[in-house]
Amino acid sequence: MESVRKVEKVAKKRSAAVFEEGGDECAAGNEVQSMLEKFGADINKAMQVKQKHLECLTKSHMTGSQHKLEQLWSNYHGQRKKTTQQFSQRVSTAFQQWEAEAHRTEEQEEKLSTLFRQQQKVLQQARVAQNQKLKVVRELYDQFVKNMEEMEKSQSEFLQAAQEELKREMATLQKKLLMEAQQQEMATVRKSLQTMFF
């Protein structure tokens, strides 16, 4: 467009110069001006056609680009939605599995805790029973020692009494034997005397 304007300006200047040189050249100048104007109009028209063609190409290109962009965005959005759904599903499944495992673990812990409490109660009861049995055994031992001491004391007293009784019986027996011996001797003496005198 700028070049066409420059050409029109040059054509006007030249036509003005030709008009000044003389009337004979006026017709030729008008013809040249007419040709230049027609040439300018043709160029103008060609430029407008090219401009419209360029606008059409640009519009078509922009429409194609926009369509491609829309398609790319739609694909991206669809892929992102699909990926998000898959991720959400996987996370949900993993969370459900984790929750189930946590529930099972909690149940196992509760069972183990209950079993531990039961075993602890059984051990406590066994310890109490053992302590009671040890107490009974200790009491029996103490009673046995006491009985043995009392028995030894009683036996010692019995032996001492028996020894005293034996001593008394031995003394009595000695006296009796002595008296019998004396009596026998007396009888013998009497008999001897009787024999001697009678």
Side-chain angles (χ1 to χ4, degrees), residues 1-140:
M1 292 295 292
E2 190 66 27
S3 61
V4 172
R5 289 175 183 173
K6 287 181 180 180
V7 170
E8 287 179 352
K9 287 181 181 180
V10 172
K12 286 181 181 180
K13 287 180 181 180
R14 292 185 65 184
S15 61
V18 171
F19 184 75
E20 288 177 357
E21 287 179 358
D24 293 335
E25 296 177 356
C26 184
N30 289 334
E31 187 177 354
V32 171
Q33 186 176 358
S34 177
M35 288 175 63
L36 289 173
E37 288 177 354
K38 186 177 179 182
F39 178 70
D42 290 341
I43 291 175
N44 228 351
K45 188 175 180 181
M47 290 298 292
Q48 288 177 358
V49 170
K50 287 183 178 181
Q51 186 176 2
K52 286 182 180 181
H53 182 63
L54 182 62
E55 288 176 356
C56 287
L57 287 175
T58 303
K59 186 176 181 180
S60 176
H61 181 71
M62 290 296 292
T63 303
S65 298
Q66 185 176 359
H67 180 69
K68 287 180 180 179
L69 286 173
E70 288 176 354
Q71 187 174 2
L72 286 173
W73 173 253
S74 178
N75 292 336
Y76 168 74
H77 184 69
Q79 188 67 28
R80 182 177 179 181
K81 185 177 180 181
K82 183 179 179 182
T83 303
T84 304
Q85 288 177 349
Q86 289 177 351
F87 174 75
S88 298
Q89 186 176 3
R90 290 178 181 175
V91 169
S92 178
T93 303
F95 182 75
Q96 290 175 356
Q97 291 175 353
W98 175 81
E99 192 173 14
E101 289 293 334
H103 184 65
R104 282 196 292 270
T105 302
E106 186 176 355
E107 289 180 348
Q108 290 297 326
E109 288 179 352
E110 184 64 27
K111 288 180 181 178
L112 289 174
S113 179
T114 303
L115 182 61
F116 175 75
R117 286 195 295 269
Q118 292 175 351
Q119 290 296 323
Q120 190 175 17
K121 187 176 180 181
V122 170
L123 290 174
Q124 288 177 351
Q125 292 175 350
R127 191 176 293 112
V128 170
Q130 287 177 355
N131 290 333
Q132 289 177 349
K133 289 179 181 178
L134 286 173
K135 185 178 179 182
V136 170
V137 171
R138 190 178 294 111
E139 289 176 353
L140 289 173

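As the structure is a prediction and not an experimental result, all values here were calculated from the model.
- Between Glu109 and Thr105, some side-chain heavy-atom pair lies under the 4.5 Å cut-off.
- Distance CD/Gln97 to CZ/Arg90: 12.5 Å, rounded to 0.5 Å.
- In this structure, Gln124 places its CD atom where more than 12 heavy-atom neighbours from other residues, nucleotides or ligands lie under 6.0 Å away.
- The line from CD of Gln79 to CG of Leu72 is 12.5 Å long, rounded to the nearest 0.5 Å.
- Note on ring orientation: taking the six-membered ring where Trp is involved, the planes of His77 and Trp73 are parallel (angle under 30°, cut-offs 30° and 60°).
- Here the side chains of Arg104 and Glu101 are in contact, with some heavy-atom distance below 4.5 Å.
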Determine, step by step, whether Glu107 and His103 satisfy the side chain to side chain donor-acceptor pair (under 3.5 Å) criterion, reporting the C-alpha distance in whole Å, the side-chain angles of both residues, the deciding distance to 0.1 Å, and the verdict. CA-CA 6 Å; Glu107 289 180 348; His103 184 65; 2.8 Å; yes
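- Between the Thr84 side chain and the Arg80 main chain, a donor and an acceptor come within less than 3.5 Å of each other.
- To the nearest 0.5 angstrom, Lys82 atom NZ is 11.5 Å from Asn75 atom CG.
- One distance of note links CG of Leu123 with CD of Gln130; it measures 9.5 Å at 0.5 Å rounding.
- How far OG of Ser88 is from CD of Gln86: 10.0 Å, rounded to the nearest 0.5 Å.
- The line from CG of Leu115 to NZ of Lys111 is 11.0 Å long, rounded to the nearest 0.5 Å.
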